[in-house]
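Each remark here refers to the structure printed beneath this line.
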Amino acid sequence: MNTLMKPSHQDKTGKKLDFIEQWLPPRYTTSVNIILKKEPKDPAYIRKVRKKKLSDEKVIDALYKVSLINKFQTENNQPRFNSQKL
């Protein structure tokens, strides 16, 4: 039987999904399955959870972790502005 999500839980999930949309790399299904190593999912199912926003907390958490890693890698690889070189 499905239960209704509490508003605070919906808000947290919504923020996670927004973050995932912004930072998820183009090829992500293998990385998600590495995180879900005990229960790997079919890549088509992972894409379906992302695009149709299905309620699968384990997959959403793994997508969030992959997005977080991608954000850190992207931000750390950008050259920093150094005013001393001017």
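Counting begins at 1 with the first residue of the sequence. If you're wondering where the values come from, they're calculated on a predicted model, not measured in any experiment.
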_Working note: Glu21 + Lys53, criterion side chain to side chain contact (heavy atoms under 4.5 Å, CB included); need CA distance, chi angles, decisive distance, verdict._
CA-CA 11 Å; Glu21 286 302 315; Lys53 297 177 177 39; 4.2 Å; yes
Please determine whether side chain to side chain contact (heavy atoms under 4.5 Å, CB included) holds for the pair Ile35 and Asp61, giving the CA-CA distance in whole Å, both sets of side-chain angles, and the decisive distance to 0.1 Å. CA-CA 9 Å; Ile35 293 170; Asp61 286 343; over 6 Å; no
Rounding to 0.5 Å, atoms CG (Leu36) and CG (Asp56) come to a distance of 8.0 Å
Rounded to the nearest 0.5 Å, the CD atom of Glu57 sits from the OH atom of Tyr64 at a distance of 13.0 Å
Rounding to 0.5 Å, atoms CD1 (Ile46) and NZ (Lys51) come to a distance of 13.0 Å
Taking every heavy atom of Ser31 against every heavy atom of Val66, the minimum-distance pair comes out as CB-CG2, 3.7 Å
**Asked** Taking C-beta and beyond as the side chain, do Lys41 and Val32 meet within less than 4.5 Å on heavy atoms?
**Response** no
Taken to the nearest 0.5 Å, the spacing of Ser67 OG from Leu17 CG works out to 9.5 Å
Do Ile34 and Val49 share a hydrophobic cluster (ILVMFWY, side-chain heavy atoms under 4.5 Å, transitive)?
no
Residues 23-30 side chain polar contacts: donor-acceptor under 3.5 Å, at least two apart:
none

Review point. Are Ile20 and Tyr45 linked, directly or through other ILVMFWY residues, by side chains that come within less than 4.5 angstrom of each other?
Key: yes
**OP:** Examine Phe72 and Leu63 and state if one hydrophobic cluster contains both, with Ile, Leu, Val, Met, Phe, Trp and Tyr joined whenever side-chain heavy atoms are less than 4.5 Å apart.
**Re:** yes
